[in-house]
2 protein chains.
Amino acid sequence: MTANEPVRIGRRPATDHDSVAAAALDLFWRHGFDATTTQAIADASGISRRTVFRYFPSKDDIPWGRFDENLDHLAAVLRATPPGLPLHEAVHRAVLDFNRIDAGAVAQHRVRMTLILRTPALQAHSALRYAGWRAVIAEYAAARLGLPVDAMLPRVVGHVALALALSAYERWLDDEDAALADLLDEALAGLRTYLGDRS
Amino acid sequence: MTANEPVRIGRRPATDHDSVAAAALDLFWRHGFDATTTQAIADASGISRRTVFRYFPSKDDIPWGRFDENLDHLAAVLRATPPGLPLHEAVHRAVLDFNRIDAGAVAQHRVRMTLILRTPALQAHSALRYAGWRAVIAEYAAARLGLPVDAMLPRVVGHVALALALSAYERWLDDEDAALADLLDEALAGLRTYLGDRS
DNA sequence: CAACTTATGGCACCGAGCGCCACAAGGGAA
DNA sequence: TTCCCTTGTGGCGCTCGGTGCCATAAGTTG
């Protein structure tokens, strides 16, 4: 098919999204996010500072990779869930699927998430990305429940799913050996014991 | 006692924290957060731009008021909770207390929270403030459970408490007539039905 | 009046981000 | 080949948030 060469008219890009991201992540990791200027990223990528901002809308967005495309995948997974499954279980399975990492990419993902969750500037920016993630969950929940997306329950489902995922990720960063999927299960189990607790 | 005049040495401040915040919020509300420059805030407050940054560490912090002091209050409320109360109920009561608003201040609080929750820049920045709020909850939960603060359960308790509070606030902004306390109750009830759901 | 303290203002500077425009580098049609 | 069209890049200048530094204003105490 060679569908990847649809004609190619005009000047070819000097590099690509992933290459710039890789160079930037390397700098972030070695020198810190704040200490890395966009000029340094440009130099490391062999492009100009101006062009860096054509690949990424902001410096904060660089560590997020192809998050938006992953959201489409999350939505697809949810749609493909057997409707007989209880809502909370459908959501939990989708979250597990969304956060499944190839064995070879674990180390890189750990670097990425350490930056995102422990760098204040990125921690702040992530709130905007999480909103999109929650919206996908909330829309599915709303459809399942026959409610508007802005009703209480779909909102709670979205927020709580995120709460559990973030709890699991924080534990994951603390513990070199833990598996993310186990921690996601553990977070949900923890919530159940918390609410059923009589102590 | 006249304890408010402990001696007062040196030049008197030209204004105060609350006055600057009030002037800034007015500008934010009328022209939008992004369209309001720190210079405009300085002009409206009768001080220089440089001095604005002595009252607030950043423009993003202005709408938050005296949040840190409120956190101390939240911690105190939690400590004062009868230990016989189930953990989830203690947390829920503390959250209710934390978000109790004087009848006269409701309109202003609505403005403040609308800005915070619907302005992207502030939505991002709020993640940093929420972290402090969650930490207070998590520390209390950890103490009650005899676990380290970074264990799974305290983290989940903090994150889930925030998830419910944010769900309630979003509904509150959508609904002019709703009472925040009722929405907080509703959020918690929603979570219970979600997890116990068999549909 | 002098000494000390606290708050302010102004200035220079840095870095992120954007608008604008010239130009580079490719393809296709004449 | 030559001209046109398209896409990508580089550079310039500007705005705005934020900070360090220092002079100075405005108080109190002696």
Side-chain angles (χ1 to χ4, degrees), chain A residues 2 4-21 23-25 27-28 31-64 115-116 119-126 128, chain B residues 2 4-21 23-25 27-28 31-64 115-116 119-129:
Chain A
T2 68
N4 288 352
E5 293 290 348
V7 176
R8 266 254 46 89
I9 192 173
R11 177 174 176 170
R12 254 76 59 89
T15 177
D16 63 276
H17 197 272
D18 287 357
S19 297
V20 177
L25 280 178
L27 291 173
F28 292 159
H31 307 138
F33 180 81
D34 294 323
T36 303
T37 63
T38 55
Q39 182 64 61
I41 298 169
D43 293 345
S45 306
I47 55 178
S48 74
R49 201 176 83 90
R50 187 65 186 84
T51 301
V52 171
F53 287 103
R54 292 203 177 90
Y55 282 94
F56 297 93
S58 79
K59 184 182 168 187
D60 294 339
D61 278 299
I62 298 181
W64 283 90
L115 281 170
I116 289 175
T119 304
L122 295 176
Q123 199 179 339
H125 181 74
S126 62
L128 304 178
Chain B
T2 68
N4 288 353
E5 294 289 348
V7 176
R8 268 252 45 89
I9 192 173
R11 177 173 177 170
R12 253 75 58 89
T15 176
D16 64 275
H17 198 271
D18 287 357
S19 297
V20 178
L25 280 178
L27 291 173
F28 292 160
H31 307 138
F33 180 80
D34 294 323
T36 303
T37 63
T38 55
Q39 182 63 61
I41 298 169
D43 293 345
S45 306
I47 56 178
S48 74
R49 201 175 82 91
R50 187 66 186 81
T51 301
V52 171
F53 287 102
R54 291 201 178 92
Y55 283 93
F56 297 92
S58 78
K59 184 183 169 186
D60 294 339
D61 279 298
I62 298 181
W64 282 90
L115 282 170
I116 290 175
T119 304
L122 294 176
Q123 198 179 339
H125 180 73
S126 62
L128 304 177
R129 298 317 201 87

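Note that these values count all heavy atoms, side chains included, but never hydrogens, waters or copies made by symmetry. Sequence lines set the chain letters: A, B, ... in the order given, protein chains first and strands last, and positions in each chain run from 1.
- In this structure, B/His125 places its NE2 atom 14 Å from P of D/dG17, rounding to the nearest Å.
- The side chain of A/Phe53 lies closest to C/dA16 when the candidates are D/dG18, D/dT9, C/dA16.
- Residue B/Arg49 contributes atom CZ, which lies 13 Å from atom P of C/dC11 at whole-angstrom precision.
- When each of D/dG18, C/dG19, C/dA16 is scored by its nearest atom to the side-chain atoms of B/Lys59, the top-ranked nucleotide is D/dG18.
- A/Asp34 places its CG atom 11 Å from the P atom of D/dT19, with the value rounded to the nearest Å.
- Contacts between residues 35-48 of chain A and DNA chain C, defined by a heavy-atom separation under 4.0 Å, are made by A/Thr36, A/Thr37, A/Thr38.
- Among C/dG17, D/dG10, C/dC11, the nucleotide with an atom closest to any side-chain atom of A/Arg54 is D/dG10.
- Taking the C1' atoms of five terminal pairs at each end of the helix from C/dC1-D/dG30 to C/dA30-D/dT1, the two resulting helix axes are inclined by 20°, rounded to 10°.
- Stacking of A/Lys59 on the aromatic ring of A/Phe33 is recorded, both the 6.0 Å distance cut-off and the 45° axial limit being met.
- Residue contacts shown for B/Phe56 are absent, as no nucleic acid heavy atom lies under 4.0 Å away.
- With rounding to whole Å, B/Tyr55 atom OH is found 19 Å from D/dG17 atom P.
- As a whole-Å value, the separation of B/Asp61 CG from D/dT19 C1' is 15 Å.
- Residue A/Arg50 places its side chain closer to D/dC12 than to any other of C/dA16, C/dT8, D/dC12.
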Short heteroatom pairs, N/O only, protein and nucleotides 26-30 of chain C, under 3.5 Å:
unit_1: C/dG26; atom_1: OP1; unit_2: A/Arg12; atom_2: NH2; d: 3.4

